[in-house]
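Right, one structure below, let's go through it.
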Amino acid sequence: MLTSKLSAAAVSSSSSTLFLNHRNRSNFAKKIHSIVNPSLCNSLRPFVGWSCSKKSSTRRKMDSSASSRVVSPRASAQQLQDPDQLIDSVETFIFDCDGVIWKGDKLIDGVPETLDMLRSKGKRLVFVTNNSTKSRKQYGKKFESLGLDVSEEEIFASSFAAAAYLKSIDFPKDKKVYVVGEEGIQIELELAGFQYIGGPVDGDKKIELKPGFLMEHDEEVGAVVVGFDRYFNYYKIQYATLCIRENPGCLFIATNRDAVTHLTDAQEWAGGGSMVGAVRGSTQREPLVVGKPSTFMMDYLANEFNISKSQICMVGDRLDTDILFGQNGGCKTLLVLSGVTSLPMLQSPENAIQPDFYTNKISDFLSLKAATV
């Protein structure tokens, strides 16, 4: 269960009252606008914190669930030489999926053996993905199809994070969520008891612009959730824009802002950040990001499993999401070069995000161990 700390960190504790009380809606809208508009906050782009007012110093000392801290430049990453030392120093490994466990629908070599070895040492394994197209249960089936024994409770997708975030702020059940995304988001919203509209069914809808045409929208929409969407179109952009700009207090939530994703193992494809960027451009509003590198999922995991963040190692292939996610949470970090990030990218003078360690792929845990025996 989410603790009250998460709720307070994400939105002030009176958020549900503000939604339900019509007299306070305008005040809530102003509050949200000041939070998500970086020009009105002392924020650090691209992720906006809730510390833009003097009142934030009196709030609980937990980072915004829907934002992230910017990490100061670190010393250059060390190439992993002694995997046992890293393994013995933590209790939990959090793995990104795309580019770490698989690419597209193809399992990366050595993954099953590596996970089995870590489990044999008593390590807790958690799998976190920014891909919102599937629910936790659907991801469980994907792991199973690849021959991996992973339980649903060990999987945390950004689709689940969006629903968990709404629960953490006591989003009213009589409000609706407009979904720009796929069924993974819809399934998790339904499991959490929230009403939703939109999603893939709006993928075929078109707007015929005629003189005097006015597009209607549901005024009961209290949040717009934007994730990766292969059915993205102008209708969805306009509908989301109307809800965010015209419905008082309507939240703009992004599952992630990833520039690219791995739909196949042959190339990179435009990621969920492209959909989020379109809605951000039309609304001139910054989204509340619940996926990596936001601290929301890390805070949720730490509370769910009662884990000390210093006893976690985050393993991922992206610097600006996975590694920053781990660093924002105060965890050890390991970059693998089996996905988005190459060694030249890591060692570029323009890159300020340095993991604690880097290696080619997670199966190096095995090969490096064998080499030291």
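The figures here come from the full heavy-atom set of this structure, side chains too, leaving out hydrogens, waters and symmetry mates.
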Q. Do you know which two heavy atoms are closest between Ala192 and Ala163, and how far apart they sit?
A. CB-CB, 4.0 Å
Q. Going from CG on Leu125 to CG on Asp116, what distance comes out if it is rounded to the nearest 0.5 angstrom?
A. 9.5 Å
Q. Do Thr333 side-chain atoms and Asp356 backbone N/O form a donor-acceptor pair below 3.5 Å?
A. yes
Q. Do Val260 and Ile101 belong to the same hydrophobic cluster, where Ile, Leu, Val, Met, Phe, Trp and Tyr are linked whenever their side-chain heavy atoms lie under 4.5 Å apart, directly or via other members?
A. no
**Q.** Atom CZ of Arg245 with >12 non-hydrogen neighbours under 6.0 angstrom
**A.** no
Q | Atom CD of Gln85: over 12 foreign heavy atoms under 6.0 Å | A | no
Q.
Does Asp109, at its CG atom, have more than 12 non-hydrogen atoms belonging to other residues, nucleotides or ligands within less than 6.0 Å?
A. no
Q) If you draw a 6.0 Å radius around CG in Asp218, do more than 12 non-hydrogen atoms from other residues or ligands fall strictly inside? A) yes
Q) Nearest 0.5 Å, what's the CG-NZ distance between Leu301 and Lys309? A) 9.5 Å
(Q) Once ring-ring contact (aromatic ring centres under 6.0 Å, His included) is applied, what residue pairs with a partner in residues 182-225 remain, sequence neighbours excluded? (A) Phe171-Phe194
Q) Does the cation-pi check pass for Lys134 over Tyr139, that is, NZ or CZ under 6.0 Å from the six-membered ring centre and within 45° of its axis? A) yes
(Q) Can you see whether Thr133 engages Asn131 through a side-chain donor-acceptor pair at a distance of less than 3.5 angstrom? (A) yes
Q | CG on Asn351 to CD1 on Ile353, rounded to 0.5 Å | A | 6.0 Å
**Q.** Asp202 and Tyr178: side chain donor to acceptor below 3.5 Å
**A.** yes
(Q) Are Met297 and Ile187 connected into the same hydrophobic cluster when the rule is that any two of I, L, V, M, F, W, Y join if their side-chain heavy atoms are below 4.5 Å apart? (A) no
Q) Are a donor atom and an acceptor atom from the side chains of Gln138 and Glu183 found within less than 3.5 Å of each other? A) yes
Q: Going by the ring-ring contact (aromatic ring centres under 6.0 Å, His included) test, name the single residue among Phe160, Tyr165, Phe305 that passes it with Tyr300.
A: Phe160
Q | Side-chain donor-acceptor pair present, Ser282, Thr241, cut-off under 3.5 Å | A | yes
Q. Do Asp364 side-chain atoms and Lys361 backbone N/O form a donor-acceptor pair below 3.5 Å?
A. yes
(Q) For Asp149, I'd like to know if atom CG has over 12 heavy atoms of other residues, nucleotides or ligands within 6.0 Å. (A) no
**Q.** NZ or CZ of Arg136 within 45° of Phe156 ring axis and under 6.0 Å
**A.** yes
**Q.** Backbone N/O of Lys173 and side chain of Gln195: donor-acceptor pair under 3.5 Å
**A.** yes
Q) Ignoring hydrogens and geometry, is there a side-chain-to-backbone donor-acceptor pair from Thr341 to Asp317 under 3.5 Å? A) yes
Can I get a per-line list of side-chain donor-acceptor pairs under 3.5 Å for residues 342-350, giving both atom names and the distance, sequence neighbours left out?
unit_1, atom_1, unit_2, atom_2, d
Ser342, OG, Met345, N, 3.3
Ser348, OG, Glu350, N, 3.2

Q) Among the clusters formed by ILVMFWY side chains lying less than 4.5 Å apart, do Met215 and Val279 turn up in the same one? A) yes
Q) Are Trp269 and Phe228 close enough that their ring centers fall under 6.0 Å? A) no
(Q) If you count every heavy atom of other residues, nucleotides or ligands that lies below 6.0 Å from Asp88 atom CG, does the total exceed 12? (A) yes
(Q) Hydrophobic clusters here meaning ILVMFWY residues chained together by side-chain heavy-atom distances under 4.5 Å, can you tell me if Val224 and Ile207 are in one? (A) yes
Q. Would you say Glu144 has more than 12 foreign heavy atoms packed within less than 6.0 Å of its CD?
A. no
Q) Taking the side chain from Asn256 and the backbone from Asn130, do they hold a donor-acceptor pair closer than 3.5 Å? A) yes
Q: Give the cluster check for Leu107 versus Val340: same hydrophobic cluster or not, with ILVMFWY residues linked at side-chain heavy-atom distances below 4.5 Å.
A: no
Q.
Can a donor-acceptor pair be found, under 3.5 Å and without considering hydrogens, that links the side chain of Gln186 to the backbone of Gly198?
A. yes
